[in-house]
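What follows is a set of notes on a single structure, which appears directly below.
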Amino acid sequence: YIQPSIAKQWSLPMFDIGKPLGKGKFGRVYLAKEKSTGFVCALKVLHKNEISQGKVEKQVRREIEIQSHLAHPNVLRLFGHFHDSKRIILILEYAAKGELYKHLRRELKFPEWKAAQYIAQMAAALKYLHKKHVMHRDIKPENILVGIHGELKISDFGWSVHAPNNRRNTMCGTLDYLPPEMLRGAGKENYYTEKVDLWSLGVLMYEFLCGEAPFEDTQIQTQRRIARADYQIPNTVSAEAKDLIQRLLVLDPEKRIPLDEVETHPWIVKYCKTGERAYNRASGDKFR
Ligand SMILES: Cc1nn(C)cc1-c1nc2c(-c3cnn(Cc4ccccc4)c3)c(Cl)cnc2[nH]1
């Protein structure tokens, strides 16, 4: 007898609420345990009046709609949501090692082997999203969490949309990660596609290896430098890593290296165990 998949009706009394984990522009996140199963999760509590004042209802709806249909080891799960008179609560996967940007600030920058594994995981996550025609559009360390095994998890889908898209967004926060085609502002002539995430992956890779973003400057200068792809890569960065950054930070979205080629790039293959050889090793390669 196959249990019909009932959409469980969640409510706050079903959870023991633990310590606050963090807060964003809208709402706070708490550690929580679902009482009947002991399942540990993170509850993101959004206040309805703050959301309507911030005119972000559409983003919250999109975050729920998009993230609840995603299931990938490098994408933070959204298990469900519910609301009461004043709040909307998202039931999210708990990432036990917290926010990636805190690790990056503490370590200043990552060694190449760690950066390569992180970029490989982000490429896998983006490949999964793009296959579903979802573009994240806000890939940056602040939106990446770290799981119990040190694996990265993209979170905060508030800015994600279905590709292609030409909506103009009033974004706040850092411009550092914005691709040139989103800076130009969208009109009928220039749609942007999921390739915006490839540019941001290049900015992320640069920041992992150099400890600062490639176009970090005053607001005006940053915009100018992004529009010209005006950045320098320090000589401390290996030739292979430099090559991959240069293939991602390309002004023309169509000329950016595709995710399939990121995964097989020499710099990634060199440091990531996911290759055939490593697979054989993992399976005890008795017969090889
Ligand atoms: C912090 C922290 N330290 N440790 C050891 C684990 C964590 C942890 N944090 C999370 C978090 C988490 C917390 N804050 N934020 C940022 C935020 C908050 C509110 C709105 C938008 C964005 C995410 C999540 Cl969702 C999911 N899992 C998390 N795990």
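One-based numbering, in listed order, for ligands and for the atoms of each.
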Determine, considering heavy atoms only, which of Glu93, Glu99, Glu142 sits nearest to atom 26 (C) of ligand 1. Glu93
Residue pair Glu151, Asn74: steps toward the side-chain contact (heavy atoms from CB on, under 4.5 Å) verdict: CA-CA 7 Å; Glu151 74 281 17; Asn74 301 117; 4.2 Å; yes
[atom] - nearest protein heavy atom and its distance:
| atom | answer |
| --- | --- |
| atom 23 (C) of ligand 1 | Val29 CG2, 4.0 Å |
| atom 19 (C) of ligand 1 | Gly24 N, 3.0 Å |
| atom 24 (C) of ligand 1 | Leu145 CD1, 3.6 Å |

Tyr206 and Trp199 aromatic centres sub-6.0 Å: no
Side chain, backbone, both or neither: [X] near ligand 1, heavy atoms under 4.0 Å:
| X | answer |
| --- | --- |
| Ala96 | backbone |
| Lys44 | side chain |
| Leu31 | neither |
| Leu21 | both |

Under 4.5 Å between side-chain heavy atoms, counting indirect links through other Ile/Leu/Val/Met/Phe/Trp/Tyr residues: same cluster for Leu43 and Leu92 or not? no
Walk me through whether Phe39 and Phe79 qualify under ring-ring contact (aromatic ring centres under 6.0 Å, His included). CA-CA 11 Å; Phe39 186 77; Phe79 298 114; 5.4 Å; yes
For ligand 1 and Ala95, I'd like to know whether there is a polar contact (N/O to N/O, distance under 3.5 Å). yes
May I ask you to say whether [X] pairs ionically with [Y], meaning some side-chain N is under 4.0 Å from a carboxylate O?
| X | Y | result |
| --- | --- | --- |
| Arg225 | Asp217 | yes |
| Glu263 | Lys127 | yes |
| Glu194 | Arg256 | no |
| Lys102 | Glu99 | yes |

Atoms in ligand 1 with a heavy atom of [X] nearer than 4.0 Å:
| X | result |
| --- | --- |
| Gly98 | 2 (C), 3 (N), 4 (N), 6 (C), 7 (C), 8 (C) |
| Gly22 | 13 (C), 14 (N), 18 (C) |
| Leu92 | 25 (Cl) |
| Ala42 | 26 (C) |
| Phe26 | 20 (C) |

Show, in sequence, the C-alpha distance, side-chain angles and deciding distance for Tyr192 and Arg137, and conclude whether the side chain to side chain donor-acceptor pair (under 3.5 Å) test is met. CA-CA 10 Å; Tyr192 50 76; Arg137 295 194 310 170; 2.6 Å; yes
To the nearest 0.5 angstrom, please state how far the CD1 atom of Ile139 sits from the CE atom of Met122. 4.5 Å
Lys153 near ligand 1, heavy-atom distance under 4.0 Å? no
